[in-house]
Every structure is written in C-alpha cells, then in structure tokens.
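Following: one structure in structure tokens, then a few remarks.
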Amino acid sequence: MVWLLLSRGVRCFLITWLPPSLGCMGRGRAPAILLGGGAALLLSFLWMPALLPVASRLLLLPRSLMIMASGSTLSQPSPASGSGYVPGSVSAAFVTCPNEKVAKEIARAVVEKRLAACVNLIPQITSIYEWKGKIEEDSEVLMMIKTQSSLVPALTDFVRSVHPYEVAEVIALPVEQGNSPYLHWVRQVTESVSDSSTVLP
C-alpha cells in the first residue's frame with residue numbers, strides 16, 4: 001500500500017482502495033475525495049518519519065541537476081578536521097608528447113623546478129585529431145602531472161616554451177579528494193614555488 005501511494009499518488013490510492021460505491025464515478029465523486037483526502041492525510045502522518053530522509057534527498061535533486069547543467073560545482077564543505085586538504089587545491093595536468101625522450105626531459109625539468117611533485121608517463125597512447133584540415137593519427141606519450149592548482153599557469157607557460165609541438169596540449173583537472181597524506185606531499189614539494197611571484201623557465 002505504501003509503494004502504491006508513493007509511486008502513483010493519492011488518486012491511485014482513492015481508486016484502488018475505496019469501495020466502488022465511493023469511487024470517482026458518478027454521484028460518489030465528492031465523498032470519495034473527502035474520505036480519500038482524510039485517509040491520505042492520516043497515512044501521511046503515520047509514514048512521515050519514514051519518508052523524511054527520502055523527501056530531503058528528493059528536494060536536493062533539482063538543485064544538483066541545475067548545478068550540473070550550469071557547469072559549476074556544488075559548494076564544498078570545509079576540510080575535515082585532521083585532513084587539512086582543501087578540495088581543488090591540487091590538480092592533475094595532462095600533456096601529450098611525441099615520444100618518451102621528450103616526455104622524460106619535460107618531466108624531469110618540471111620536477112626539478114618544483115612546478116610538479118610527480119609526473120607519470122603513460123606510453124603508447126593513440127591520438128586521433130584534426131589538424132589543419134586533415135585527420136591525423138599518432139602514437140604519443142601521455143604525461144600526468146600532479147601539482148598545485150595555483151601553479152598550473154606557470155606549468156603551462158614552461159611546457160609551451162620547451163615543447164616541440166606548435167600547439168602543446170596542456171589541460172588540468174582539480175583533485176576534489178584523495179589520500180590526504182599524498183595530497184599534502186604534493187603541496188609540500190611545490191610550496192616554495194607557489195610562494196614566489198615568478199617562475200623562471
């Protein structure tokens with residue numbers, strides 16, 4: 001009976017559970033609405049505690065959908081006590097390189113300059129893209145660079161200055177959560193650079 005009430009609403013409850021003489025046909029229409037409304041009200045009081053958690057989640061759903069549609073993010077709560085990590089303060093940046101030699105040179109340079117705490121090299125990826133009106137297909141190496149979000153502009157400038165491509169791919173995504181000690185380490189390793197106002201190439 002509860003599932004029926006939740007999924008179909010009060011009208012289905014009236015039609016299904018009231019005797020035919022009080023249904024929504026002919027002369028019995030007004031008594032059915034009064035009796036059905038009273039029964040629905042009584043049920044709502046009885047089931048209210050069980051429905052509150054579900055109702056509260058349903059009320060948040062439209063807000064979440066609107067936020068997702070607008071492209072913005074939900075407001076983040078303050079960091080949990082003890083973790084000290086602020087969501088989004090560390091980013092993972094991605095750079096594609098033509099081969100492993102170039103990728104290793106750039107990776108070593110960004111770590112030495114403390115523009116990144118760690119760089120992972122993922123070999124033998126296949127990239128298919130349009131360039132100057134033609135569809136191209138290349139084997140490349142993907143660099144995954146962990147750094148502070150505030151350092152992404154300086155990291156991008158440096159990669160552009162040493163990268164062999166005419167237009168280097170540098171994109172970054174903020175890290176919302178993860179292993180707190182690791183994320184703290186990323187910030188610690190790159191802290192001195194983020195404190196300075198300029199980064200020399």
### Message
Are I125 and V141 packed together at the side-chain level, in the sense that at least one heavy-atom pair is separated by less than 4.5 angstrom?
### Response
no

### Message
Any heavy-atom pair between the side chains of Y85 and E176 that's under 4.5 Å?
### Response
no

### Trace of the side-chain contact (heavy atoms from CB on, under 4.5 Å) decision for W131 with E166
CA-CA 11 Å; W131 180 247; E166 185 178 337; 3.7 Å; yes

### Query
Taking atom types as modelled, is there a side-chain donor on E140 or Y165 under 3.5 Å from an acceptor on the other?
yes

### Query
Under the 3.5 angstrom rule, does the side chain of S91 hit a backbone N or O of Q148 as a donor-acceptor pair?
no

### Message
Less than 4.0 angstrom from a charged side-chain N to a carboxylate O is my criterion; do R108 and E112 meet it?
### Response
no

### Residue among V152, V189, V111 satisfying side chain to side chain contact (heavy atoms under 4.5 Å, CB included) with T147
V152

### Task
Would you indicate whether the side-chain heavy atoms of M144 and V119 approach each other to under 4.5 Å?
no

### Query
Quick one: are Y182 and V90 in side-chain contact, heavy atoms under 4.5 Å?
no

### Query
Does a sphere of radius 6.0 Å around CD in Q124 hold more than 12 heavy atoms from other residues, nucleotides or ligands, not counting ones at 6.0 Å or beyond?
no

### Task
Answer whether the closest heavy-atom distance between the side chains of S139 and T126 falls below 4.5 Å.
no

### Task
To the nearest 0.5 angstrom, please state how far the OG1 atom of T96 sits from the CE atom of M143.
10.0 Å

### Query
Within a strict 4.5 Å, meaning less than it, do heavy atoms of the I128 and I135 side chains meet?
yes

### Task
Decide yes or no for I145 and F94: does some side-chain heavy atom of the first lie under 4.5 Å from some side-chain heavy atom of the second?
no

### Query
If we only count heavy atoms from C-beta on, is the S150 to R187 side-chain gap below 4.5 Å?
no

#### Entry: E169 and R160 ion-paired at < 4.0 Å
no

### Query
Between E105 and K101, is there a side-chain N and carboxylate O pair less than 4.0 Å apart?
yes

#### Entry: Test side-chain contact (heavy atoms from CB on, under 4.5 Å) applied to W185 and S180, step by step
CA-CA 8 Å; W185 170 78; S180 292; over 6 Å; no

